[in-house]
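Following: one structure in structure tokens, then a few remarks.
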Amino acid sequence: MTMLDRRLHAYRPDLAEARLEGRVEALRFVSGTPGRVTVPVIGLRPAPDLTKGIDTELLLGEDVTVFDRADGWCWVKAASDGYVGYLPETALSDALAEPTHIVTVQRTFLYLEAELRNPYKSILSMGSRVRIVGEAETRGNRYAMLEDGTAIFAKHLQPIEAGEGGDYVDVATRFLETPYLWGGRSGLGIDCSGLVQLSMLMTGRSAPRDTDMQSATLGVPIDRSELCRGDLVFWKGHVAILENPETIIHANGHTMTVARENFEDAIKRIGWLYEQPTGYRRPVI
């Protein structure tokens, strides 16, 4: 049988996704059941073990397909990018109404009530999806109200059906100085390919999750002489967004943040560890 990328194909010796029947060996094949993330952000891991590093993260309101539940863990596939992994069962529900709004700022607070002076419940990242059932106003500030009575500053949300668009590079710049986090995909911590993916998601574009996937399939390859704003520069295991001919934006382990850096300086600095750029690609608009 063919060996498939375990990040994008749900299969184990005992169980596999139904669509893989005939391509992989497994004792059982299942279609899975729907689930939705109920916590602000949760790591997706390669094994049901909290000591394992995360591969990526899922945000509040994102959908998954659940293939297995055992010992407090769920084995799932993310609807947004097809990534497969394990997350705690407590982070999911199968009984949530459809989200109506998406968070459009880097981070926002979910307040216990419509009053910014009172305690907040949690912090939500850009890309989080919530169901809004009403509005409230306190001292001139307008809040969007959730079903449980919690509230979000209304200007930090946009109706999902409003559509998406705009310049994904502008979105990426909102994450400047966000801490670097391996596997991170939120405004609380993010890695290089997560920055590319989430920024594109917010402008209606889809992108694979990991750098190797992006360098192989995202957009079209171009020559360095063709580079312009929004193009991607790849090193082995790293990706940066070209802001202009002289400047890149990237989440990196050098500053441990999302940073703006001179392109030529970055090539020289990164070269000793990752050698020269391996390629350049232009996302298809």
Side-chain angles (χ1 to χ4, degrees), residues 5-12 15-20 29-46 48 54-70 72-104 108 110 122-133 144 146-148 150 152 156-164 168 171 183-188 190 193-210 213:
D5 190 335
R6 62 100 182 154
R7 297 171 297 175
L8 299 176
H9 299 87
Y11 70 104
R12 311 181 311 206
L15 186 66
E17 185 179 3
R19 71 182 185 88
L20 299 179
F29 292 86
V30 297
S31 297
T33 58
R36 184 167 294 139
V37 176
T38 59
V39 295
V41 60
I42 189 69
L44 196 66
R45 302 173 191 271
I54 63 173
D55 283 332
T56 186
E57 291 178 319
L58 299 179
L59 305 176
L60 177 68
E62 290 196 305
D63 291 327
V64 300
T65 300
V66 181
F67 300 114
D68 189 30
R69 298 174 185 262
W73 289 86
C74 290
W75 188 41
V76 307
K77 173 187 277 191
S80 60
D81 58 14
Y83 218 105
V84 175
Y86 294 85
L87 49 76
E89 191 171 13
T90 53
L92 287 182
S93 173
D94 57 4
L96 289 181
E98 285 293 320
T100 61
H101 289 67
I102 188 168
V103 175
T104 57
T108 193
L110 178 64
S122 58
I123 301 174
L124 303 183
S125 166
M126 180 187 291
S128 300
R129 295 167 179 259
V130 295
R131 182 172 181 83
I132 300 303
V133 298
L146 283 68
E147 292 175 307
D148 62 359
T150 55
I152 299 174
H156 292 177
L157 297 170
Q158 173 181 294
I160 292 174
E161 70 270 15
E164 300 154 322
Y168 92 93
V171 177
R185 185 178 163 267
S186 83
L188 303 177
I190 201 163
S193 54
L195 177 65
V196 171
Q197 188 191 53
L198 185 55
S199 299
M200 288 190 175
L201 171 70
M202 295 304 298
T203 57
R205 300 165 175 86
S206 61
R209 175 59 182 91
D210 291 339
M213 302 173 188

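- Across every non-hydrogen atom of T38 and S93, the tightest pair is CG2-CB, 3.5 Å.
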(message) I'd like to know whether L188 forms a side chain to side chain contact (heavy atoms under 4.5 Å, CB included) with E57, so could you lay out the CA-CA distance, the side-chain angles of the two residues, the decisive distance to 0.1 Å, and finally the verdict.
(response) CA-CA 11 Å; L188 303 177; E57 291 178 319; over 6 Å; no
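- Residues satisfying the side chain to side chain contact (heavy atoms under 4.5 Å, CB included) criterion with S122, sequence neighbours excluded, are P40, L110, L124.
- No side-chain heavy atom of L201 sits less than 4.5 Å from a side-chain heavy atom of Y168.
- To the nearest 0.5 Å, atom CZ of residue R131 and atom CG of residue D148 are 12.5 Å apart.
- The side chain to side chain contact (heavy atoms under 4.5 Å, CB included) check on T33 picks up V66, with sequence neighbours excluded.
- Once rounded to the nearest 0.5 Å, the distance linking CD1 of I132 with CD1 of I102 reads 12.0 Å.
- Among all heavy-atom pairs drawn from A10 and F67, the shortest one is CB-CE1, 3.5 Å.
- Across all their heavy atoms, S199 and V171 have their closest contact at CA-CG1, 3.8 Å.
- For the side chain to side chain contact (heavy atoms under 4.5 Å, CB included) test, residues two or more places apart in sequence or in another chain that qualify with T56 are L44, Y83, R185, R209.
- Residues forming a side chain to side chain donor-acceptor pair (under 3.5 Å) with T100 (at least two apart in sequence, or on another chain): none.
- Shown here for V103 and L157, the closest heavy-atom pair between the two residues is CG2-CD2, 3.7 Å.
- In this structure H101 satisfies the ring pair (Phe, Tyr, Trp, His ring centres under 6.0 Å) test with no other residue, sequence neighbours excluded.
- The closest donor-acceptor contact from the side chain of R19 to the backbone of E17 lies at 3.5 Å or more, if one exists at all.
- Partners of R6 under the side chain to side chain contact (heavy atoms under 4.5 Å, CB included) rule, at least two apart in sequence or in another chain, are P46, D55.
- Contact record, S125 with L198: OG-CD2, 4.5 Å, taken as the closest heavy-atom pair.
- Here the CD1 atom belonging to I123 is positioned 10.0 Å from the OG atom belonging to S186, to the nearest 0.5 angstrom.
- The salt bridge (charged side-chain N to carboxylate O under 4.0 Å, His left out) analysis of residues 79-93, with sequence neighbours excluded, yields the pairs R69-E89.
- The side chain to side chain donor-acceptor pair (under 3.5 Å) check on E147 picks up nothing, with sequence neighbours excluded.
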(message) I'd like to know whether L58 forms a side chain to side chain contact (heavy atoms under 4.5 Å, CB included) with V41, so could you lay out the CA-CA distance, the side-chain angles of the two residues, the decisive distance to 0.1 Å, and finally the verdict.
(response) CA-CA 6 Å; L58 299 179; V41 60; over 6 Å; no
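- By the salt bridge (Lys or Arg N to Asp or Glu O under 4.0 Å) test, R7 pairs with D5, D210, D212, sequence neighbours left out.
- Within the structure, every pair that satisfies the salt bridge (charged side-chain N to carboxylate O under 4.0 Å, His left out) test and touches residues 34-43, not counting sequence neighbours, is listed here: R36-D63, R36-E98.
- With sequence neighbours excluded, the residues satisfying side chain to side chain donor-acceptor pair (under 3.5 Å) with R12 are D14, D68, Y86.
- When atom types are taken as modelled, the side chain of T203 and the backbone of M200 share a donor-acceptor pair closer than 3.5 angstrom.
- Among residues two or more places apart in sequence or in another chain, the side chain to side chain donor-acceptor pair (under 3.5 Å) test is passed with T104 by none.
- The minimum heavy-atom distance linking M213 with P208 is given by the pair CB-CB, 3.4 Å.
- Two residues are said to be in side-chain contact when any heavy atoms from C-beta on lie closer than 4.5 Å; L59 and V37 fail this criterion.
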